[in-house]
Amino acid sequence: MKQDTHPDYHFITVVMTDGTSYQTRSTYQKEGATLNLDIDPKTHPAWTGGGHQMLDRGGRVSRFNAKFGAFTRK
C-alpha cells in the first residue's frame, strides 16, 4: 500500500448556530480547528420536518395545479 495517500484525520470543534459545541474527528483543516455551522441541524426545517408551506410565487403552483391537478387530486 502506498504511504501518505490518506488525508490527516484529526479532532476539530464544531460550533452550532445556538452556540453549543462538540468535538468530532474530521479531515477539515488542521488539528484543533473550529467549524462554525451556518445551518444548524437542530433547528433547520430540512432536518426537523418543520411546518413549512408551499408558497405560490408568480402563480407557478396555480398553473401546475390547473394543468396537472386531475392527476394529483383524489
Side-chain angles (χ1 to χ4, degrees):
M1 211 166 148
K2 290 184 181 178
Q3 295 297 320
D4 300 323
T5 58
H6 297 286
D8 181 33
Y9 192 60
H10 50 268
F11 281 100
I12 65 164
T13 303
V14 178
V15 179
M16 306 289 229
T17 56
D18 64 355
T20 59
S21 64
Y22 65 92
Q23 282 209 323
T24 188
R25 294 189 62 151
S26 175
T27 59
Y28 177 76
Q29 290 186 351
K30 302 281 183 204
E31 175 84 28
T34 301
L35 175 63
N36 294 307
L37 296 181
D38 293 334
I39 299 174
D40 193 341
K42 292 180 183 177
T43 58
H44 194 275
W47 286 282
T48 61
H52 55 280
Q53 296 178 354
M54 183 180 281
L55 299 177
D56 189 3
R57 301 198 186 249
R60 293 182 182 146
V61 175
S62 299
R63 283 186 295 180
F64 178 85
N65 286 335
K67 191 172 184 179
F68 300 107
F71 295 111
T72 59
R73 293 189 192 120
K74 292 183 179 181

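- Considering every non-hydrogen atom in both H10 and Y28, the closest pair reads NE2-O, 2.8 Å.
- Here the straight-line distance linking atom CD of Q29 with atom OG1 of T34 works out to 8.5 Å at 0.5 Å rounding.
- Pairing each heavy atom of L35 with each of I12, the nearest pair is CB-CD1, 4.2 Å.
- Rounded to the nearest 0.5 angstrom, S26 OG and E31 CD are separated by 11.0 Å.
- Note that CE of M16 is 12.5 Å distant from CD1 of I39, once rounded to the nearest 0.5 Å.
- What you find for F11 and R25 is that their closest heavy atoms are CE2-CG, 3.5 Å.
- Screening V15, N36, V14, L37 for a side-chain contact (heavy atoms from CB on, under 4.5 Å) involving S21 leaves a single residue, V15.
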